[in-house]
*Asks:* 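The structure that follows is given in the form of structure tokens.
Each chain gets a letter, A, B and so on, in the order its sequence line appears, and its residues count up from 1. Note that the structure is predicted; figures quoted are calculated from it, not measured.
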There are 2 protein chains.
Amino acid sequence: MAEGHAQNTSSGQALLYLTDEQLRQGIEAMFFAYRGFTADPDRILEGMSYGRAHHRAIHFIHCAPGTTVNNLLAILGVTKQSLNRVLRTLIEDGLVTSHIGRSDKRERHLTLTEAGEALEQQLSDAQRARMRDAYRKAGPEAVAGFKTVLEAMMDEDMRRAYLALRDGR
Amino acid sequence: MAEGHAQNTSSGQALLYLTDEQLRQGIEAMFFAYRGFTADPDRILEGMSYGRAHHRAIHFIHCAPGTTVNNLLAILGVTKQSLNRVLRTLIEDGLVTSHIGRSDKRERHLTLTEAGEALEQQLSDAQRARMRDAYRKAGPEAVAGFKTVLEAMMDEDMRRAYLALRDGR
DNA sequence: CTTGGAATGTCAACAAGACTGACGTATTTT
DNA sequence: AAAATACGTCAGTCTTGTTGACATTCCAAG
């Protein structure tokens, strides 16, 4: 019972979109939408012994070629051991290369090979196709609102990481 | 290379929000936001031997008291074996009750006990608090757009389930 | 220059939570 | 009476997260 209901504020009607019921709808929408969001890449990956974790690694290596393991760790928010298992298989299968750092030899710089880029294309084409359909149906104003809310929903650290990626391209 | 770039269409400028780069930003925003979205309940659950799976079950039993196992299965999109493991612990711990159906005795109707409702409150208060902050920062128009895009992103079946839940209250 | 601590990354073992497949039971439908 | 449905359970696998232990490399203080 942490907070009261949103409609019981001094502003009254203006805040009707903040009622518990509205918030609950938003929560469920996030749940169902995220399932759709990951469904297409999951389908592609299943049967090739990769999973969502591999997709995420491939995605961010594609976006920041030459990034280090530590960098990736911060973005993905998992332990280095967890990431390592995924990276190892990707390297073994020739989708990712790992080069020892020139200045700091402790670091490993990660890049997608041609085969890696090809898979990345396949995965992100599928995911973008769904995104594009959703965007097209919803229209530009809705898309702007969508992004505004998502940014506000992130943890502070993640928002920084997101904005850095967004503006660094 | 399934589709062309969105800007290369007959409509030209009007569809700039559909460029691959814009779509990629949306994809990353979803990823980071979903992490924030689940972070608070996850924190509460950790250490009490429950996880996100328990949270989801509790959430939907709360929304549809007396629902059957099969109903829950369809909404959550997991196998009955998977759900059963979760339900068993919740019932053992006295958070959920399972009653044999009155008309159809094969069915089990699931309801939250008082303790279950208490935990549900605790979890959804945390999640709603984050949602409320995000909504408040973004404003009502952004929230409307947010929901529009999310609905368009769901699979058809899930949209039906979502709308049924949304309108059935 | 050496040595100890911090940072980076690897290997091994384990747990949660998803999956499949097979089977049993009670009940309803045909 | 037979088939289908709803539910529970056992056993085994897979992905992906965790911790703990350890090797290598860098850097800075003595």
Side-chain angles (χ1 to χ4, degrees), chain A residues 31 34-35 38-39 41-61 66-93 96-111 123, chain B residues 31 34-35 38-39 41-59 61 66-93 96-111:
Chain A
F31 172 69
Y34 197 78
R35 282 250 296 277
T38 56
D42 282 358
R43 241 188 308 275
I44 294 174
L45 258 0
E46 97 176 352
M48 51 193 303
S49 79
Y50 293 146
R52 212 174 286 179
H54 300 83
H55 180 196
R56 292 196 283 257
I58 287 174
H59 176 101
F60 286 108
I61 294 174
T67 189
T68 67
V69 173
N70 236 9
N71 259 328
L72 214 48
L73 242 41
I75 288 178
L76 295 177
V78 297
T79 59
K80 58 183 177 174
Q81 295 91 329
S82 204
L83 176 57
N84 190 256
R85 177 165 9 88
V86 168
L87 284 179
R88 191 168 45 215
T89 67
L90 290 175
I91 291 170
E92 278 170 8
D93 295 351
V96 169
T97 56
S98 163
H99 289 302
I100 293 179
R102 219 168 45 82
S103 55
D104 188 335
K105 288 176 190 162
R106 292 172 302 182
E107 296 179 339
R108 300 298 136 93
H109 296 278
L110 305 167
T111 323
L123 293 170
Chain B
F31 171 69
Y34 197 78
R35 281 252 295 280
T38 56
D42 283 358
R43 241 189 309 275
I44 294 174
L45 258 359
E46 95 174 354
M48 51 193 303
S49 80
Y50 293 148
R52 210 174 288 178
H54 300 81
H55 179 197
R56 291 196 284 256
I58 288 173
H59 175 100
I61 295 174
T67 189
T68 67
V69 174
N70 245 1
N71 259 328
L72 212 48
L73 242 37
I75 288 177
L76 295 176
V78 297
T79 58
K80 63 177 178 178
Q81 294 92 328
S82 220
L83 176 57
N84 191 255
R85 177 166 12 90
V86 168
L87 281 181
R88 191 166 44 212
T89 67
L90 289 176
I91 292 171
E92 278 170 8
D93 296 352
V96 169
T97 56
S98 164
H99 288 303
I100 294 180
R102 218 168 44 84
S103 56
D104 187 336
K105 288 175 190 164
R106 292 171 305 179
E107 294 179 339
R108 302 298 138 88
H109 296 279
L110 304 168
T111 323

*Asks:* Can you work out whether A:Arg52 or A:Gly101 has the more 5'-proximal nearest nucleotide on DNA chain D?
*Replies:*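 Its nearest nucleotide lies further toward 5', so the answer is A:Arg52.
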*Asks:* Mind checking if A:Gly77 touches a base, just sugar-phosphate, or nothing, with heavy atoms under 4.0 Å?
*Replies:*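 Nothing: the residue A:Gly77, judged by heavy atoms under 4.0 Å, touches no strand.
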*Asks:* How bent is the helix from C:dC1-D:dG30 to C:dT30-D:dA1, comparing axes over its five end pairs at each side, to the nearest 10°?
*Replies:*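 Inter-axis angle at the ends, rounded: 10°.
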*Asks:* Scan A:His54 against the nucleic acid and name what it touches under 4.0 Å (heavy atoms): base, sugar-phosphate only, or nothing.
*Replies:* sugar-phosphate
*Asks:* So does A:Gln81 reach the base of D:dG20 with its side chain, donor to acceptor, closer than 3.5 Å?
*Replies:*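 Per atom types, the contact qualifies.
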*Asks:* Among C:dG17, C:dT10, D:dG8, which nucleotide has an atom closest to any side-chain atom of B:Ala53?
*Replies:* C:dG17
*Asks:* With sequence neighbours excluded, tell me which residues meet salt bridge (charged side-chain N to carboxylate O under 4.0 Å, His left out) with B:Arg88.
*Replies:* none
*Asks:* Just checking B:Ser49: base, sugar-phosphate only, or nothing, at a heavy-atom cut-off of under 4.0 Å?
*Replies:* nothing
*Asks:* Mind telling me whether B:Tyr34 and A:Tyr34 have parallel, tilted or perpendicular rings, with 30° and 60° as the class edges?
*Replies:*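 Geometry flag for B:Tyr34 against A:Tyr34: parallel rings.
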*Asks:* Relative to the 5' end of DNA chain D, which residue comes earlier, A:Lys105 or A:Arg56, by the nucleotide with the nearest heavy atom?
*Replies:* A:Arg56
*Asks:* Given atom NE2 of B:His55 and atom C1' of C:dG17, what is their separation to the nearest angstrom?
*Replies:* 16 Å
*Asks:* I'd like a table of donor-acceptor pairs (distance under 3.5 Å, sequence neighbours excluded) in which one partner is a side-chain atom from residues 66-76 of chain A, with atom names and distances.
*Replies:*
unit_1: A:Thr67; atom_1: OG1; unit_2: A:Asn71; atom_2: ND2; d: 3.4
unit_1: A:Thr68; atom_1: OG1; unit_2: A:Asn71; atom_2: N; d: 3.2

*Asks:* Where the side chain of B:Thr68 is concerned, which of D:dC7, D:dG8, C:dG9 is the nearest nucleotide?
*Replies:* D:dC7
*Asks:* Would you say the base of D:dT24 and the side-chain of A:Arg106 have a donor-acceptor pair closer than 3.5 Å?
*Replies:*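 A donor-acceptor contact between them is absent.
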*Asks:* Mind calculating the distance between CD1 (A:Ile100) and P (C:dA7) to the nearest angstrom?
*Replies:*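 In whole Å, C:dA7 P and A:Ile100 CD1 are 21 Å from each other.
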*Asks:* Output the single nucleotide from C:dG9, C:dT10, D:dG17 whose closest atom is nearest the side chain of A:Arg85.
*Replies:* D:dG17
